[in-house]
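Take a look at the structure below.
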Protein chains: 2
Amino acid sequence: MPLREAKKAAVRQALVAAANRRFHRHGFEQTTIDEICADAGVSRRTFFRYFENKEALAFPHRTERFERFLALLDGAGHSPNPVDGLRAICQTFAHEYSANREAILAQQRLVDSVPALAAREHEIDCDWETAMAATFRRRFGRGAAAERRARLMAGAAIGVIRATMRYWYEKDGKPDLARLGQEALDGLEHGFLS
Amino acid sequence: MPLREAKKAAVRQALVAAANRRFHRHGFEQTTIDEICADAGVSRRTFFRYFENKEALAFPHRTERFERFLALLDGAGHSPNPVDGLRAICQTFAHEYSANREAILAQQRLVDSVPALAAREHEIDCDWETAMAATFRRRFGRGAAAERRARLMAGAAIGVIRATMRYWYEKDGKPDLARLGQEALDGLEHGFLS
DNA sequence: TCTAAAATGCCACTGAGTGCCAGTTTTGGC
DNA sequence: GCCAAAACTGGCACTCAGTGGCATTTTAGA
């Protein structure tokens, strides 16, 4: 890795680490960007060249996870039933989340306690929903009806995923996330009343 | 109406009106709270006694609509199939939205152009989802499985409703919103693939 | 009419986020 | 190794959202 790139990665990492320490110790709003900068040995002005805003610090894996999701979506394109693809992706992420349970729960407690962070999380959900809709559309073919069906399904999918995650968080990550995910997708596939 | 109450309503109305003018003319971020206050003839400090923040100005009907939704949810509690209740509620709101098409579209264009407003809209969706989940839970009975089913269904419901609204907005409010809503609920009831 | 409560205005303050520019560090060609 | 261009950084001054405190005005009700 070229020197310049390595330094940038180090600064980024230092900022995230400093932020996490302070966020978890004193809370998000109580932590000031100036303090984080001081800890990381960087100027305020520089901070805003690494992160759009304070909230972005709480989702350091945002783009990385999303790109992985895109790749999985792309790769899962063989079955005619798009839910099959989702089931596989669901397994993958369920394992990752279960493996990093403590870290994920801590992050989520933070997010849930700060409306501004919940808002950012929703932005992420929107990205995922849009990506799913695009994939489904490719399966469903042309036409306004197919387009609408793809979007409805993506909306419902992100809805049940969110609900499932919330449930899992609430139960302190004890339930089997992979199983919860499969049940959620059952509802998506066959409806919640039939 | 007592004088004090009437004055408060007038101030509130003046603030919303001034804000709407400026928001639509110059945009949300370009409009300063000071300007809105000046237009409405009120001090900055007073503004914050009427609205939590600048964003709240963009959703003046938030609590009123939500309370109406709660009442409808409560009233639609006879059929064993909770989707039937949703269908009725959907009709009601579809008619209201179609009747105020222009105003609603203008408001939505504003919301869509400002991330901070999209975030507030999501807060509203969360309120609605929670309310639906509570209603469904009453239908589905006790037990962790019923609880989970209620939440999944509420998540999916808000997901398809959001997707439907986005579609309708995108088509400039031309499609028959009531029909779109029924189709969305069909998917919710019977699944998107069976 | 008089008083307690409610509503308002004003001031000073913190903290997020931005524009600008000058100084430093890294890179790539020689 | 040297040098110029490009990238990165720091510091400063600024705008604006949002808050706390307190003095002043307005309303409600006896």
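None of these values were measured; they are calculated from a predicted model. Residue numbers start from 1 in every chain, and the chains themselves are labelled A, B, ... in the order their sequence lines are given, proteins ahead of strands.
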B:Leu185 and B:Glu189, any side-chain heavy atoms less than 4.5 Å apart: no
side-chain contact (heavy atoms from CB on, under 4.5 Å) assessment of B:Phe23 paired with B:Leu57: CA-CA 10 Å; B:Phe23 288 169; B:Leu57 282 167; 4.1 Å; yes
Closest non-hydrogen atom pair between A:Pro175 and A:Trp168, with its separation: O-NE1, 3.0 Å
Pair listing, side-chain hydrogen bond (donor to acceptor under 3.5 Å, both in side chains) test, anchored in residues 14-32 of chain A, at least two apart: A:Arg22-A:Asp39
Any pair counted as side-chain hydrogen bond (donor to acceptor under 3.5 Å, both in side chains), so long as it reaches residues 174-183 of chain A, sequence neighbours left out: A:Arg87-A:Gln182, A:Arg179-A:Glu183, A:Glu183-B:Arg148
Base-contact (B) and sugar-phosphate-only (S) positions in nucleotides 9-17 of chain D, heavy-atom cut-off under 4.0 Å, - elsewhere: BBBB---SB
N/O donor to acceptor pairs below 3.5 angstrom from side-chain atoms of residues 153-165 of chain A, sequence neighbours left out:
{"unit_1": "A:Arg162", "atom_1": "NE", "unit_2": "A:Asp125", "atom_2": "OD2", "d": "2.7"}
{"unit_1": "A:Arg162", "atom_1": "NH2", "unit_2": "A:Asp125", "atom_2": "OD1", "d": "3.3"}
{"unit_1": "A:Thr164", "atom_1": "OG1", "unit_2": "A:Val160", "atom_2": "O", "d": "2.7"}

Helix axis bend for the helix from C:dT1-D:dA30 to C:dC30-D:dG1 - C1'-based end axes, five pairs, 10° rounding: 20°
Residues in side-chain hydrogen bond (donor to acceptor under 3.5 Å, both in side chains) contact with B:Arg68, at least two apart in sequence or another chain: B:Glu64, B:Glu96
NZ on A:Lys54 to CZ on A:Phe48, rounded to 0.5 Å: 9.5 Å
Nearest-0.5 Å distance that lies between atom CZ in B:Arg44 and atom CG in B:Asp34: 5.0 Å
Stretch residues 111-121 of chain B: residues that reach within less than 4.0 Å of DNA chain D through a heavy atom: none
Side chain A:Arg101, main chain A:Asp172, donor-acceptor under 3.5 Å: yes
Between the protein and nucleotides 28-30 of chain D, list every N/O to N/O distance that falls short of 3.5 Å.
{"unit_1": "D:dA28", "atom_1": "OP1", "unit_2": "B:Leu3", "atom_2": "N", "d": "3.2"}
{"unit_1": "D:dA28", "atom_1": "OP1", "unit_2": "B:Arg4", "atom_2": "N", "d": "3.1"}

Listed by chain and number, what are the side chain to side chain contact (heavy atoms under 4.5 Å, CB included) partners of [X], not counting sequence neighbours?
| X | answer |
| --- | --- |
| B:Gln13 | B:Ala17 |
| A:Ala9 | none |
| A:Ala116 | A:Glu55, A:Val114 |

A:Lys8 with A:Glu5: basic N within carboxylate O range, under 4.0 Å: no
A:Glu147 with A:Arg151: basic N within carboxylate O range, under 4.0 Å: yes
Nucleotide interval of DNA chain C bounded by contacts with chain A (heavy-atom cut-off, under 4.0 Å): C:dG15 to C:dT27
